[in-house]
Undergrad: 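To start, I am sharing the structure in question, which I have written as structure tokens.
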Amino acid sequence: MKKLISLIVLALCSLTTFAQKDVTTFLGIPVNGTKSEMQRKLIGKGYVYKNVGGDEFLSGEFNGTKVNLYIVTNNNKVYRIMVADAQNQDEANIKIRFNRLVSQFQNNKRYTALDKDFTLSDKEDISYGMSVNNKTYEASFYQNPENIDTIAVQNRVRQELLAKYSEEQLKNPTDEINEDAQSNLNNVLMEILSKKFVWFRIYEHLGEYYICMYYDNEYNHANGEDL
């Protein structure tokens with residue numbers, strides 16, 4: 001069992017231990033709390049409150065682009081910041097913007113990408129792909145964890161192993177058990193990682209295009225609890 005625990009601890013040693021949820025951040029602000037709290041913090045960052053025909057949003061600049069920010073809640077808790085381009089572009093320019101964002105995220109150490117290259121090729125016909133094939137053009141990333149409750153993770157892995165192995169087997173783990181421990185650990189860490197989801201997609205409007213970026217706190221996302 002000591003070998004097993006050592007394996008788990010070794011995998012977690014580079015992470016800081018805190019007994020709290022590590023949530024997605026936007027401009028250093030946790031995507032959490034109430035809408036009014038989030039709105040106040042974003043205004044403090046220089047964004048301006050707008051209300052156009054009952055449509056509430058914040059206007060400003062993000063990553064060198066003019067954008068409109070929308071705060072989305074579930075049960076009065078913020079679970080998403082949507083960052084929408086304020087100005088539409090033609091297909092050539094939106095493709096450049098999309099690929100630039102992909103590159104920026106891929107080269108940012110604060111993010112992890114799945115094993116997929118989201119870059120659009122020069123030959124990609126976005127208009128045809130969206131209108132004829134109902135194709136979506138999006139890229140997804142995860143913000144890397146900053147605060148991990150390592151004790152809770154260790155206990156979670158141990159309980160999952162106990163569903164398959166006895167206490168006696170865990171005291172003297174075989175290579176197979178150690179491999180299962182590593183696999184379970186990876187699954188738990190991936191589950192934690194997936195709660196800090198950041199993604200973006202190209203949208204079309206009247207023959208032009210814009211990008212929406214989403215900073216999601218999956219801890220606050222609706223999971224059918226109100227059904």
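Just so you know, these numbers come straight off a predicted model, no measurement behind them.
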Undergrad: Sequence neighbours excluded, which residues qualify as side chain to side chain contact (heavy atoms under 4.5 Å, CB included) partners of R201?
TA: T136, E138, W199, Y203
Undergrad: Has D122 got more than 12 heavy atoms of other residues, nucleotides or ligands less than 6.0 Å from its CG?
TA: no
Undergrad: How far does OG1 of T24 sit from OH of Y214, to the nearest 0.5 angstrom?
TA: 15.0 Å
Undergrad: Is the number of heavy atoms from other residues, nucleotides or ligands within 6.0 Å of CG (D175) greater than 12?
TA: no
Undergrad: Quick check: is Y215 connected to Y142 through a chain of hydrophobic side chains (ILVMFWY, heavy atoms under 4.5 Å apart)?
TA: no
Undergrad: Apply the test side-chain contact (heavy atoms from CB on, under 4.5 Å) to residues D22 and I192: give CA-CA distance (whole Å), side-chain angles for both, the deciding distance (0.1 Å), then the verdict.
TA: CA-CA 8 Å; D22 182 38; I192 294 172; 5.8 Å; no
Undergrad: Would L185 and V153 satisfy side-chain contact (heavy atoms from CB on, under 4.5 Å), going step by step from the backbone distance to the final call?
TA: CA-CA 8 Å; L185 174 61; V153 170; 3.7 Å; yes
Undergrad: Spell out, yes or no, whether L27 and V72 are grouped together once hydrophobic residues are joined by side-chain heavy atoms under 4.5 Å, including indirect joins.
TA: no
Undergrad: Can you list every salt bridge (Lys or Arg N to Asp or Glu O under 4.0 Å) pair that touches residues 70-85, not counting sequence neighbours?
TA: R80-D216, D85-R97
Undergrad: With K164, which residues qualify under salt bridge (Lys or Arg N to Asp or Glu O under 4.0 Å), at least two apart?
TA: D180
Undergrad: Group every Ile, Leu, Val, Met, Phe, Trp and Tyr by side-chain heavy-atom contacts under 4.5 Å, then state whether I126 and L101 land in the same group.
TA: yes
Undergrad: Residues two or more places apart in sequence or in another chain: which of them pass salt bridge (Lys or Arg N to Asp or Glu O under 4.0 Å) with E37?
TA: none
Undergrad: Of all residues at least two apart in sequence or in a different chain, which pass the side chain to side chain contact (heavy atoms under 4.5 Å, CB included) check with V48?
TA: K50
Undergrad: May I ask you to test the N186-Q182 pair for a side-chain heavy-atom distance under 4.5 Å?
TA: yes
Undergrad: Between V78 and T73, is any pair of side-chain heavy atoms under 4.5 Å apart?
TA: yes
Undergrad: Would you please say whether a donor-acceptor pair under 3.5 Å links the side chains of Q143 and Y111?
TA: yes
Undergrad: K41: what forms a side chain to side chain contact (heavy atoms under 4.5 Å, CB included) with it, not counting sequence neighbours?
TA: I29
Undergrad: Is any side-chain heavy atom of Q106 closer than 4.5 Å to one of D117?
TA: yes
Undergrad: Tell me, please, which residues at least two apart from Y70 pass ring-ring contact (aromatic ring centres under 6.0 Å, His included).
TA: F57
Undergrad: Show the numbers, then the answer: is there a side-chain contact (heavy atoms from CB on, under 4.5 Å) between E167 and L162?
TA: CA-CA 7 Å; E167 287 277 8; L162 284 172; 3.9 Å; yes
Undergrad: Any chance CG of N133 has more than 12 other-residue heavy atoms, nucleotides or ligands included, within less than 6.0 Å?
TA: yes
Undergrad: Taking F98 as the fixed residue, which of F200, F118, Y137 is the one that meets the ring pair (Phe, Tyr, Trp, His ring centres under 6.0 Å) rule?
TA: F200
Undergrad: Quick one: do E160 and R156 make a salt bridge, cutoff under 4.0 Å?
TA: yes
Undergrad: Who are the salt bridge (Lys or Arg N to Asp or Glu O under 4.0 Å) partners of E91, not counting sequence neighbours?
TA: none
Undergrad: How would you list, by chain and number, every residue that makes a ring-ring contact (aromatic ring centres under 6.0 Å, His included) with Y79, sequence neighbours excluded?
TA: H221
Undergrad: Would Y47 and Q39 count as a side-chain hydrogen bond (donor to acceptor under 3.5 Å, both in side chains) here? Give the steps.
TA: CA-CA 9 Å; Y47 291 93; Q39 185 172 278; over 6 Å; no
Undergrad: For the hydrophobic clusters of this structure (ILVMFWY residues joined by side-chain heavy atoms under 4.5 Å, transitively), does one cluster hold both M130 and Y128?
TA: no
Undergrad: Which pairs with one or both residues in residues 61-76 pass salt bridge (Lys or Arg N to Asp or Glu O under 4.0 Å), sequence neighbours excluded?
TA: none
Undergrad: Could you give the distance from CZ (F105) to CE (M213), rounded to the nearest 0.5 Å?
TA: 3.5 Å
Undergrad: Give, for atom CZ of F197 and atom CZ of F141, the distance between the pair rounded to the nearest 0.5 Å.
TA: 10.0 Å
Undergrad: Rounded to the nearest 0.5 Å, what separation is found between the CD1 atom of I71 and the OG1 atom of T34?
TA: 9.0 Å
Undergrad: Among residues at least two apart in sequence or on other chains, which ones pass salt bridge (Lys or Arg N to Asp or Glu O under 4.0 Å) with E204?
TA: none
Undergrad: Output all residues satisfying side chain to side chain contact (heavy atoms under 4.5 Å, CB included) with E168, sequence neighbours left out; order by chain, then residue number.
TA: S166, K171, N172
Undergrad: Any chain of hydrophobic side-chain contacts (each under 4.5 Å) joining V67 to V102?
TA: yes
Undergrad: Step by step, would you call V23 with N220 a side-chain contact (heavy atoms from CB on, under 4.5 Å)?
TA: CA-CA 10 Å; V23 302; N220 290 347; over 6 Å; no
Undergrad: For the residue pair N99 / T119, report whether a side-chain donor-acceptor contact shorter than 3.5 Å exists.
TA: no
